[in-house]
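Take a look at the structure below.
Nothing here was measured: the structure is a model prediction, and the numbers come from that model. So that the names make sense, note that chain A is the first sequence line, chain B the second, and so on, each numbered from 1.
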Amino acid sequence: MIHSLFLINCSGDIFLEKHWKSVVSQSVCDYFFEAQEKAADVENVPPVISTPHHYLISIYRDKLFFVSVIQTEVPPLFVIEFLHRVADTFQDYFGECSEAAIKDNVVIVYELLEEMLDNGFPLATESNILKELIKPPTILRSVVNSITGSSNVGDTLPTGQLSNIPWRRAGVKYTNNEAYFDVIEEIDAIIDKSGSTVFAEIQGVIDACIKLSGMPDLSLSFMNPRLLDDVSFHPCIRFKRWESERVLSFIPPDGNFRLISYRVSSQNLVAIPVYVKHSISFKENSSCGRFDITIGPKQNMGKTIEGITVTVHMPKVVLNMNLTPTQGSYTFDPVTKVLTWDVGKITPQKLPSLKGLVNLQSGAPKPEENPSLNIQFKIQQLAISGLKVNRLDMYGEKYKPFKGVKYVTKAGKFQVRT
Amino acid sequence: MTVGKDVSALFPDVVNCMQTDNLELKKLVYLYLMNYAKSQPDMAIMAVNTFVKDCEDPNPLIRALAVRTMGCIRVDKITEYLCEPLRKCLKDEDPYVRKTAAVCVAKLHDINAQLVEDQGFLDTLKDLISDSNPMVVANAAAALSEIAESHPSSNLLDLNPQSINKLLTALNECTEWGQIFILDCLANYTPKDDREAQSICERVTPRLSHANSAVVLSAVKVLMKFMEMLSKDLDYYGTLLKKLAPPLVTLLSAEPELQYVALRNINLIVQKRPEILKHEMKVFFVKYNDPIYVKLEKLDIMIRLASQANIAQVLAELKEYATEVDVDFVRKAVRAIGRCAIKVEQSAERCVSTLLDLIQTKVNYVVQEAIVVIKDIFRKYPNKYESVIATLCENLDSLDEPEARAAMIWIVGEYAERIDNADELLESFLEGFHDESTQVQLQLLTAIVKLFLKKPTETQELVQQVLSLATQDSDNPDLRDRGYIYWRLLSTDPVAAKEVVLAEKPLISEETDLIEPTLLDELICYIGTLASVYHKPPSAFVEGGRGVVHKSLPPRTASNESTESPETAPAGAPPGEQPDVIPAQGDLLGDLLNLDLGPPVSGPPLATSSVQMGAVDLLGGGLDSLIGGTNFVAPTTAAAPANLGAPIGSGLSDLFDLTSGVGTLSGSYVAPKAVWLPAMKAKGLEISGTFTRQVASISMDLQLTNKALQVMTDFAIQFNRNSFGLAPAAPLQVHAPLSPNQTVEISLPLSTVGSVMKMEPLNNLQVAVKNNIDVFYFRTLYPLHILFVEDGKMGES
């Protein structure tokens, strides 16, 4: 099982280590640094590294490396999932998962790590249970604690630990009972030069924010549940009900959580809401090139497309870019060669475009590859797959909750090749 | 937490704070103890009392915390005190305490395995598998798996249908991590027939929709393994295949690290059952901002899935990739185009034209890579695409990598008759002959000989030049030998030379990088583990050869055949009839078969298996002696004729030896030395040995080898109680310190006056050897004949 954990920042300092079994020397991380050096880019460090006596499994999150050391045969996914859970927990507790936040709350970090893993076996990873055991830091609480001498650590057995519904604690009370659902869909797509779709799919999630008293039993039904054929569920969902009736029936955890994630892959269901006209060319034997892109709406179901950003990794030989946008603003970083164009909204009457000259290194051969465009956008009040929530019913409690559903479509990994 | 400062000096003060009611303070004290107890073992004893007291606290949280912490204090003295509270906690009324205690058994086992076995904790742990609380079941399963991993021969995880049922029930109710443990446990079970396999599959399938990817992959493992038992015409088989695709695809939308592990596993799954993902090609298309390790894996899988139906799409993608920035990725993409051409015949033409387009880009590494794969295409489809040779020749000058140069030279030699200036081209290579790598030199030699055989008149000078370069000026034996062979062939019988050198070449196979089927089957059993990431069986990389248990896919058995008794069925079936039957693990004959059937890499070294599997040892040793018959120590007196029979009797040599032992007065059969303790397990100390009996005295002949980097001293040996009371009659005498790489041979006289305890098997001997580094334990089996006195009566027993 998981032996030790090292947290390493971008400059290669090990700033926190935790050992659940015997102590493993820091020098084991040298193998990691070696791999990091070889990979050049931080994102390219291989996640599983073998060393003569240990295996290092690492993840890269929020500019930090979480490197775990294992000694025996352990499913790597298990370790990677756990590490992400650790990062999520820090995020949840401190608002951000950064070196500064971890260093500021080092006592809580150790208490958390101690609770999350026992001898390498995961113990309590549900945020509800952890929060009962170790209360998250707030300014008010630290003031109260220092006056009264009480502590951040709960002294009762977390009720969820052992019940059949470990994700929910007992005795939840709210004055306003509310249940909100966000249907968020991200379009992953690759569009080729000529504008036709090479690959497109929708990665959807339903995130819930449930603040309901007592032990509510919810069931959520859809207008078109047949869309969902590839789904991953939160453990609270009763799988049998879904199989037989296509209804999500569950006792929800308290607070924010991801209810389901799903994937819609059949091509005809995936609409592509924007198109890009582009012409990027570099002249042979001259130190300049032309750059011209225009974005327009397409299949947007009558909604406004907003928050558009275009990022382009320009070839290495590009020295600078001299462009004029009809809308929004652009920046070009000559070191990383990244062009970012913050477009904003599309108004169909006047399509946004970005035109101008590209300065190349003189004497260098013209770049072989044309850059890919990475596009971000957002469409409010629309789930592009057409998924619609039909109704939400609550059983088991008497009160009437506020209910709400919000739909958002975003670009995921949306790439246009040029 | 202490910012690197050593605060062990505060030990007594911290321990004083232990008896507090403040839970946070208590936790911090416990944390301190875990970190510093090892450095202050004597003081740590002071804490024991509080631990014992806390284990009886009315608050289950405190009871659990105490047990948990005690298990983490790796001090031998404390461990002894831990046993009683642990026993109580294993039977605690509160499931939270029970589940914590279950993990504590695994911790304790890691510190002192013998203690755990002696105290009977393992049985209690097994009982916990049937606990009413799912979390307790999951943790017990996890603890047992971890213990079993260090004791592959123990039957800790012998599951029966009842316990399987318990596990399946707990599976639905426990946490995600518990589900992983239970699924991994289930994967080790072999259902008795297809009906049982199907019912387990049905209950595992819902796990495929779990949000935790590790649960998904463990479920996939169970399904892939048990599917093997289902008949292919079953409706359920088809349904299951369909259900497997979506979760695998979903794994690819997760974080890149998860994607990587998933892709490595999908690579295995696609090789075993390509039908699962054959329609999902597009999800493996590469996004330009994927990390490089994900890109390369995706490319691999794309080629495996390429078929006539989707080849157009794949080629368009590959062409796109070939213009990317990352050199490694571009190279692999170009290579992939070549592999597509070889795999899908209909696409070959399109692939070749794509490759030609790429050559036109004149990007150096693309051109080189393209030429290497075009060579393979020529081998696969001879006399079809030779029209492109002219284009290839244009790029001759830009080739600077040996592989590409060699490929180009091969092409020139092979098609010398169609290239007008072949001799000039080859001559240009010949100028810098000595600076070329061996690969290019060999290829050049062969190519020029081919050219000579095709155009003998113009190239005589050239061939002489290359032959003399190869045979006289080179000190590479391969090159020299090849040169001489050609020379002799050409000078003695040019017609024969023509037949040899220009013989028709066998077509190259479709896919060259498939994993060998037996290894693939084994790896399928390891889906989701490190083995699946490395595509190697665990025996190839798990440290110390520990946990080398061969897993194999269950054989397909129809329920009506299950009337045969399950023990005899696998072992009895001759391998010829049912080639996919790999016998169950732990089966004595089965393991031997496995040794023969398994691929070379996966076969465990005989020495290792002799340490772990007592029963195999006899036969293993026997096999050894069959091969190296000279290993036998010659009897000191004239051997009785019966003794000569021993080597022939191989595995039965012990039996023969019984008779010979009766016949001869002194000196008897001595088994060759076997490695009892491999160096990897004992920090560099390797012990091999055997038992001998000479003139009424038994001795253990040991050979100690120091494979560490430091000097070893202070050797001592001790035996555990055993069936015949064997004990060392003198201390282990190693006079000089054992320096690195040194070996000493010692004969340790034994007596039979030690304390007696029945062992299983009867001749099992557990030995502890101590040196200045550590104490090591191993066990071995002694041949019973060493106990027999020469007059034919059995020694005191």
_Whether over 12 other heavy atoms sit under 6.0 Å from B:K362 NZ_ = yes
Taking all non-hydrogen atoms of both residues into account, name the closest pair between [X] and [Y] and its distance.
{"X": "B:K99", "Y": "A:L123", "value": "NZ-O, 4.0 Å"}
{"X": "B:V283", "Y": "A:F199", "value": "CA-CE1, 3.8 Å"}
{"X": "A:E81", "Y": "B:A211", "value": "OE2-O, 4.1 Å"}
{"X": "B:V261", "Y": "A:P76", "value": "CG2-CB, 4.1 Å"}

*Rounded to the nearest 0.5 Å, what's the gap from NZ on A:K240 to CG on B:N172? Could you check?*
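One finds 6.5 Å between NZ of A:K240 and CG of B:N172.
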Are [X] and [Y] side-chain neighbours, meaning at least one heavy-atom pair lies under 4.5 Å?
{"X": "A:P47", "Y": "B:Y293", "result": "yes"}
{"X": "A:V198", "Y": "B:K282", "result": "no"}
{"X": "A:P75", "Y": "B:L217", "result": "no"}

*With distance as the sole test, does B:E257 use its side chain to make a donor-acceptor pair with the main-chain N or O of A:Y60 at under 3.5 Å?*
yes
*Salt-bridge criterion met for A:R417 and B:E324 (N-O under 4.0 Å)*: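 Looking at B:E324 together with A:R417, the answer is no, because their closest N to O distance does not fall below 4.0 Å.
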*Using side chain to side chain contact (heavy atoms under 4.5 Å, CB included) as the criterion, point out the one residue from B:T100, B:T69, B:N139 that pairs with A:D118.*
B:T100
*Can you find a side-chain donor-acceptor pair between B:N289 and A:Q415 that sits under 3.5 Å?*
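On atom types as modelled, these side chains qualify, holding a pair under 3.5 Å.
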*Tell me the residues of residues 232-239 of chain A whose non-hydrogen atoms fall below 4.5 Å from those of chain B, in number order.*
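If one takes a 4.5 Å heavy-atom cut-off, the residues of residues 232-239 of chain A near chain B are A:S232, A:F233, A:P235, A:F239.
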Among residues at least two apart in sequence or on other chains, which ones pass salt bridge (charged side-chain N to carboxylate O under 4.0 Å, His left out) with [X]?
{"X": "B:E176", "answer": "A:R85"}
{"X": "A:K18", "answer": "A:E114"}
{"X": "A:K413", "answer": "none"}

*Please state whether the rings of A:F78 and B:F181 are parallel, tilted or perpendicular, taking 30° and 60° as the class boundaries.*
tilted
*Taking the inter-plane angle between the rings of B:Y534 and A:Y55 on a 0 to 90° scale, is it parallel (under 30°), tilted (30 to 60°) or perpendicular (over 60°)?*
tilted
*Hey, which of B:I527, B:V249, B:V533, B:T361 has the most heavy atom pairs under 4.5 Å with chain A?*
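Heavy-atom pair counts peak at B:V249.
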_Choice from B:E280, B:E317, B:Q313 maximising heavy atom contacts with chain A below 4.5 Å_ =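 Of the options given, most contacts go to B:E317.
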So which residue, [options], ends up with the most heavy-atom pairs under 4.5 Å with chain B?
{"options": "A:L16, A:I260, A:V45", "value": "A:V45"}
{"options": "A:K193, A:E43, A:E243, A:R263", "value": "A:R263"}
{"options": "A:T125, A:D188, A:I190", "value": "A:T125"}

*Output, in order, the C-alpha distance, side-chain angles, deciding distance and verdict of side-chain contact (heavy atoms from CB on, under 4.5 Å) for B:L258 and A:L77.*
CA-CA 6 Å; B:L258 296 172; A:L77 278 188; 3.3 Å; yes
Against chain B, label [X] side chain, backbone, both or neither, depending on which of its atoms sit under 4.5 Å from a heavy atom there.
{"X": "A:S261", "answer": "neither"}
{"X": "A:F82", "answer": "both"}
{"X": "A:H84", "answer": "side chain"}

